[in-house]
Visitor: 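Attaching a single structure in structure tokens format; questions to follow.
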Amino acid sequence: MTSVSELMETMEYGPSVEDSGAVRDWLARRGAFGHFIGGAFTNPGTLFDTRDPATGETLAQVTQGTAEDVAAAVAAARQAQPAWAALTGTQRARYLYALARHVQKRERFLSVLETLDNGKPIREARDIDVPLVARHFYHHAGWAELRDTAFPAHRPLGVCGQIIPWNFPLLMLAWKIAPALAAGNTVVLKPAEYTPLTALAFAEICQEIGLPAGVVNIVTGDGDTGAALVAADVDKIAFTGSTEVGRAIAGQLAGTAKRLTLELGGKSPFVVMPDADLDAAVEGVVDSIWFNGGQVCCAGSRILVAEAVADRFQTLLNARMARLRVGLPLDKSTDVGAIVDPVQKDRILSICRAATDAGGELVGGAAGDGCFIAPGYLKNISPANPGFEQEIFGPIATLSTFRTADEAVELANNTRYGLAASVWSESAAVATDIAARIKAGVVWINCANVFDAAAPFGGYRESGFGREGGRAGMLDYLAEAPVEAVQEPAPAAPVSTTTGTGQPAALDRTAKLYIGGAQKRPDGGASYAVPGGLAPLGSRKDIRNAVEAAAKAGKWAAMGGHARAQVLYYIAENLSARAAEFATRTSQAEVEAAIARAFHYAAWADKVDGANVQAKPGHLLNVVNEPYGIMGIGCPNAQPLAAFMSLVMPAIAMGNRVVAIAAQDDPLAVTDLYQVLDTSDLPGGVVNIVTGPRDDLAKVLAAHDEVAAMWMVGGDLAAVEGAAGGNLKPVWAPAHRDWTGRQAQGETFLRHAMQVKTIWLPYGALPEGTGSAAY
């Protein structure tokens, strides 16, 4: 037996295994699980095993969902939705409050069940996951109460299909179900094939609190079940998972009018500046990449360290890594548990092999028996190395160095993802500067992997779109106020011509494209006949030129809202001076509306504020509205001037640059705007105008990798959404309407011209007991 004196020398922990007897008794009593549909469990169908990844032991048998099962669940949700939405906010809030309380009452049971099914350490499930589950239901009980006050004229979407991953099974369930129910929707949720058990335990809680039948439905199964849910008659799909699957879902839903939010993969940078507290940063690495065995979409998997402190940092990191305990997840002394499944373990190891074959060096990261991999990192790794590029999704980081802040930002943004980042510096100026320049939906300053129900979470670029948590997350489960839609006239096919219109004129004049602040002839040199003359026949090459010009106008966002507002006021002023001239090309009503739009969004340009949100103690949580960057806009084929200004002005007011495709059949009033824009101090490239076959040009624009968001009014929306799915940009399709009316302006347009960035910053002294729960 080890003596006390020996223990004092080694400081080794003895085994402290959480008792799993209550969970195993529950599993034995339940036997095989059916689905949870319409408030009751169905009889088991075709079964598959769910296993403890730490031991390989079969925990339970669960039903493989079919398309018929999914249809039954959707029908139950559809039947329940009107009555659920008709409840008062207080009534819905009471159900959400009851869910939170019952989760709290079963914290230990749920923690043990999650650990057995997932393989994560019990103290992570106990101290982080399950308390956050309760927090989400409490938080959204508040939103249920306040919905009609906070979101006037909004309404529930209807039935929401939700597909969640295996890394945080119960927490992801709460992230999705809580806001959906608060908004008045009903749900059909499919848990991950590997980890369905806490979702089924949650179904029992729904029964216990008397949640109306059909409000929550849970169908278990593999990817085929998820595909059936995507194809089902639901009003929204919310998916968390891999970028590849998210891209396939976006393609499948193109043109269906179903709402979609995607929270996808990441390869998040962990930036250590030369003045960082290195000991704290090393603890941040532990919280970031070795938390949950690295099976975290926002894990700081790319460690970027200033060259000046890299040696010292690696020494500290290696020492800390050597003390982490890999072992049985139910042992309360375990730091790193099991990988969720042998398939995932093999994938992690194969990426590591490819990385070392390409010249990287693996420090640590040894594979153990069963589903265990020790913490490690890859060093001497170039940005082209597979380990640097691919999401490993395991306890393996990469470590590389930089010399300047600009190089750090360049490396941080050298990825197709944009989910999260962590920045470490003792200088507030340095840390916030780096945070502002990194393209990611969440940035932690001097902390890592901090979450709260009030904090919007979601990504940029190929990490998806939409947000979960807080006000932004609620908006993604609500439909906007309806507008009085108007049928858009179908455009005529442009006929290429090099001759005039036959109309007498004092001087022959052919309109041009407006690209990079200058008039440009179309690449093909052709024009097509429109009322009033000839319009340039734009092509794929012209779209590429316009996007390139917009990319060079990045300083527009940095000018600030006040400076942008002045430019928009100048646009209104100069257009007003030529109102009579433009009225001859369109109508007096359109010109007045165009001037009004410039004034309206000039007023908003410096008033769309972010928020400092109350979340975890000891942190400032800043929710910042950022422009997308380059936006594509397909204008409707009617009211050319009013529609153009109604769509372009809110986009540029928020700091975006725009490539706009003018009304196909009558674009000349818009092409002549170049004179107004040029004399209004608008920097070249902020607004670019292309004319021609709108649907063809919009598809090219939506497929361009540099375009970050797309608006399309009418036309071939399915083709545009399908093209946008290539790099997972959001597409907004506002209804065609009277663009001279009041419904053609407002905050809805501004919201779709921005993406939310959540920045966490430690603030003041942490109250006792509120530090890192896991480490």
Visitor: Assess whether a salt bridge exists between E468 and K176, defined as any Lys/Arg side-chain N lying under 4.0 Å from an Asp/Glu carboxylate O.
Guide: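 Yes, charged N to carboxylate O under 4.0 Å.
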
Visitor: Do the side-chain N and O atoms of W175 and H136 include a donor-acceptor pair separated by under 3.5 angstrom?
Guide: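 A donor-acceptor contact under 3.5 Å links the two side chains.
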
Visitor: Roughly how far, to the nearest 0.5 Å, is the CZ atom of R320 from the CD atom of E283?
Guide: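 Atom-to-atom, E283:CD and R320:CZ are 4.5 Å apart.
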
Visitor: May I ask you to test the I652-R657 pair for a side-chain heavy-atom distance under 4.5 Å?
Guide: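 No, their side chains stay 4.5 Å or more apart.
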
Visitor: Checking the side chain of E145 only, and the main-chain atoms of G142 only, is there a donor and an acceptor separated by less than 3.5 Å?
Guide: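 Side chain of E145 to backbone of G142: no pair is present.
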
Visitor: Using atom types as modelled and distance alone, determine if a side-chain donor or acceptor of N413 lies under 3.5 Å from a backbone N or O of R437.
Guide: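 The answer is yes, because a donor-acceptor pair under 3.5 Å joins these two groups.
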
Visitor: Would you check if the distance from the ring center of Y477 to the ring center of W143 is below 6.0 Å?
Guide: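 They do not qualify: ring centres at least 6.0 Å apart.
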
Visitor: Would you say that more than 12 heavy atoms from the other residues, nucleotides or ligands in this model lie under 6.0 Å from the CD of E410, or not?
Guide: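 Not more than 12 within 6.0 Å, no.
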
Visitor: Please indicate whether Q614 has more than 12 foreign heavy atoms, meaning atoms of other residues, nucleotides or ligands, lying under 6.0 Å from its CD.
Guide: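 Not buried by this count: 12 neighbours or fewer within 6.0 Å.
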
Visitor: Kindly say whether L170 contributes a backbone atom to a donor-acceptor pair with the side chain of E114 at under 3.5 angstrom?
Guide: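 Checked: pair present.
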
Visitor: With the threshold set at 4.0 Å, does a side-chain nitrogen-carboxylate oxygen contact exist between K267 and E391?
Guide: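 Salt bridge absent between K267 and E391.
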
Visitor: Indicate the atoms forming the closest heavy-atom contact of P762 with C447, along with that distance.
Guide: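 Scanning both residues completely, I find the closest heavy atoms to be CD-SG, 4.3 Å.
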
Visitor: Would you sort out whether V756 and V623 count as a side chain to side chain contact (heavy atoms under 4.5 Å, CB included), showing the intermediate values?
Guide: CA-CA 7 Å; V756 169; V623 179; 3.4 Å; yes

Visitor: Got a donor-acceptor contact below 3.5 angstrom from the D476 side chain to the R467 backbone?
Guide: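 Yes: the side chain of D476 pairs with the backbone of R467.
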
Visitor: Determine whether more than 12 heavy atoms belonging to other residues, nucleotides or ligands lie under 6.0 Å from atom CZ of R94.
Guide: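 Open.
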
Visitor: Output, in order, the C-alpha distance, side-chain angles, deciding distance and verdict of salt bridge (charged side-chain N to carboxylate O under 4.0 Å, His left out) for R751 and E480.
Guide: CA-CA 11 Å; R751 176 179 172 243; E480 293 156 349; 3.6 Å; yes

Visitor: Less than 3.5 Å apart, any donor N or O on the side chain of E462 or T243 sitting next to an acceptor on the other?
Guide: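 Looking only at side-chain atoms, T243 and E462 do not form any donor-acceptor pair under 3.5 Å.
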
Visitor: Take atom NZ in K439; do more than 12 heavy atoms of anything else shown fall under 6.0 Å from it?
Guide: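 For K439, atom NZ is not crowded (no more than 12 foreign heavy atoms under 6.0 Å).
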
Visitor: Give the ring-plane orientation class for W732 versus F749, where under 30° counts as parallel, over 60° as perpendicular and anything between as tilted.
Guide: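 Perpendicular: the ring planes of W732 and F749 meet at over 60°.
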
Visitor: Within this structure, what is the OG1-CG distance for the pair T240 and L171, rounded to the nearest 0.5 Å?
Guide: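 Reported value, rounded in 0.5 Å steps: 10.0 Å.
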
Visitor: Do the two ring centres, one from F137 and one from F202, sit under 6.0 Å apart?
Guide: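 Ring-ring flag for F137/F202: true, centres closer than 6.0 Å.
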
Visitor: Taking G337's backbone N and O only, do any of them form a donor-acceptor pair with K120's side chain (distance below 3.5 Å, no angle check)?
Guide: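 Such a contact is absent between K120 side chain and G337 backbone.
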
Visitor: Looking only at side chains, do W760 and T758 share a donor and an acceptor under 3.5 Å apart?
Guide: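 On atom types as modelled, these side chains do not qualify, holding no pair under 3.5 Å.
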
Visitor: Quick check against the 3.5 Å criterion: does K607 have a side-chain atom that pairs as donor or acceptor with the backbone of A603?
Guide: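 Side chain of K607 to backbone of A603, a donor-acceptor pair under 3.5 Å: yes, one is there.
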
Visitor: With no hydrogens and no angle check, is any side-chain donor or acceptor of S268 less than 3.5 Å from a backbone partner on A420?
Guide: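 Present.
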
Visitor: Under a 4.0 Å N-O cut-off, is there an ion pair linking R259 with D235?
Guide: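 No, this pair does not count.
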
